[in-house]
Engineer: 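After the structure tokens below, expect a handful of questions from me.
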Amino acid sequence: MAESETREIFVTGLRNAHAMENQALSILKPQLKRIENYPDVAAKLEQHIRETEGQIVRLEEVLTGLNEDHSTLKDMALSFTGAMAAMGHTVAGDEILKNAFANYAFENFEIAAYSSLITVAEAGGFNAALRGLQANLAEEQAMAQWLDANLAAVTTRFLSLREAGATAKV
């Protein structure tokens, strides 16, 4: 494959990842505002929002190093769809569970995206990008692992609140 074609694929992937992270923020921030009965989940979401903001900065640094910028249109479109997805769960009686499922799926989507970007970076010789992409990947993997490890506890808390007659609010 021609070097220019690999670069084009890499830049497109970086722009997609930038938009993906903006989408993540538009999903996570509304969830955090609504959480009442799950302080451990709230703390983890708060931490991951800060990580996501750092991931966006890393992606912008890589793009700047390539004399490229992110795609404002992609950022806006995915942020909008993320906000709509987050809103869709607010009407559910089991919103916390639906959010947990969706967050776990989204984290794994991000893991796949970063794994692919790292492969393209290695194939194209974009070695300066590897550290930042690997850091983003590690944070996404840690969040996915946390969500997986805590799903039973979140579900148990939801059931307990429901059984006690309390509103099992997010």
Engineer: Report yes if the side chains of Asn103 and Leu28 come closer than 4.5 Å at any heavy-atom pair, otherwise no.
Structural biologist: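 Heavy-atom side-chain distance check passes, below 4.5 Å.
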Engineer: Considering non-hydrogen atoms only, spot the tightest contact between Tyr114 and Met20 and give its length.
Structural biologist: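 Scanning both residues completely, I find the closest heavy atoms to be CE1-CE, 3.8 Å.
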Engineer: Just by modelled atom types, is the Thr156 backbone N or O under 3.5 Å from a matching donor or acceptor in the Ser160 side chain?
Structural biologist: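 Checking the backbone N and O of Thr156 against the side chain of Ser160, no donor-acceptor pair under 3.5 Å is found.
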Engineer: Which atoms form the tightest heavy-atom contact between Ala129 and Val62, and what is the distance?
Structural biologist: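 Residues Ala129 and Val62, closest heavy atoms: CB-CG1, 3.6 Å.
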Engineer: Within the 4.5 Å heavy-atom criterion, are Thr155 and Phe158 side-chain neighbours or not?
Structural biologist: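 Not in contact.
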Engineer: Does any non-hydrogen side-chain atom of Leu159 lie less than 4.5 Å from one of Glu163?
Structural biologist: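 They are not in contact (no side-chain heavy atoms under 4.5 Å apart), so the answer is no.
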Engineer: According to ring-ring contact (aromatic ring centres under 6.0 Å, His included), who are the partners of Tyr104, at least two apart in sequence or on a separate chain?
Structural biologist: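 Per chain and number, Tyr104 pairs via ring-ring contact (aromatic ring centres under 6.0 Å, His included) with no residue.
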Engineer: Side chains of Ile56 and Leu25: does their closest heavy-atom pair fall under 4.5 Å?
Structural biologist: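 A side-chain contact under 4.5 Å exists here.
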Engineer: Using 0.5 Å steps for rounding, measure from the CD atom of Gln23 to the OG1 atom of Thr52.
Structural biologist: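 Output value for this atom pair is 11.5 Å.
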Engineer: What are the two closest non-hydrogen atoms of Glu21 and Leu59, and how far apart are they?
Structural biologist: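 Here Glu21 and Leu59 meet closest at CG-CD1, 4.0 Å.
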Engineer: Could you give the distance from CG (Leu32) to CD (Glu46), rounded to the nearest 0.5 Å?
Structural biologist: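 One finds 5.5 Å between CG of Leu32 and CD of Glu46.
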Engineer: Might you point out which heavy atoms bring Glu95 and Arg34 nearest each other, and give the distance in Å?
Structural biologist: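 For Glu95 and Arg34, the tightest heavy-atom pair comes out as OE1-NH2, 2.7 Å.
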Engineer: So Lys44 and Met143, do their side chains get closer than 4.5 Å, heavy atoms only?
Structural biologist: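 Of all side-chain heavy-atom pairs linking Lys44 with Met143, at least one is under 4.5 Å.
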Engineer: Are Val57 and Phe126 joined in one hydrophobic group, where the rule is that I, L, V, M, F, W and Y side chains link up if heavy atoms are under 4.5 Å apart?
Structural biologist: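 Different hydrophobic clusters.
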Engineer: Roughly how far, to the nearest 0.5 Å, is CG of Asp94 from CG of Asn99?
Structural biologist: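 Result: 9.5 Å between the selected atoms.
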Engineer: So how far is it from Ile49 CD1 to Leu45 CG, rounded to the nearest 0.5 Å?
Structural biologist: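 So the CD1 of Ile49 and the CG of Leu45 are separated by 6.0 Å.
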Engineer: Taking all non-hydrogen atoms of both residues, which atom of Arg58 and which atom of Gly132 are closest, and how far apart?
Structural biologist: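 Of all heavy-atom pairs spanning Arg58 and Gly132, the closest is CD-O, 3.6 Å.
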Engineer: Go through the steps to decide whether Ile96 and Gln31 satisfy the test side-chain contact (heavy atoms from CB on, under 4.5 Å), and finish with yes or no.
Structural biologist: CA-CA 9 Å; Ile96 188 71; Gln31 287 179 23; over 6 Å; no
Engineer: Is there side-chain contact between Leu14 and Glu68, with heavy atoms separated by less than 4.5 Å?
Structural biologist: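 With C-beta onward as the side chain, the pair stays apart.
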Engineer: If we only count heavy atoms from C-beta on, is the Asn150 to Val41 side-chain gap below 4.5 Å?
Structural biologist: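 A side-chain contact under 4.5 Å is absent here.
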Engineer: Taking all non-hydrogen atoms of both residues, which atom of Val120 and which atom of Phe10 are closest, and how far apart?
Structural biologist: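 Smallest interatomic distance, heavy atoms only, reads CG1-CB, 3.8 Å.
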Engineer: As an exercise, state the distance from CD of Glu51 to CD of Glu53, rounded to the nearest 0.5 Å.
Structural biologist: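 Output value for this atom pair is 10.5 Å.
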Engineer: Taking atom types as modelled, find out whether Glu140 and Gln55 have a side-chain donor-acceptor pair closer than 3.5 angstrom.
Structural biologist: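 Their side chains do contain a donor-acceptor pair, which is all the 3.5 Å distance test asks for.
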Engineer: For the atom pair CD (Glu139) and CZ (Arg50), what is the distance rounded to the nearest 0.5 Å?
Structural biologist: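 Between Glu139 CD and Arg50 CZ, I get 11.0 Å after rounding to 0.5 Å.
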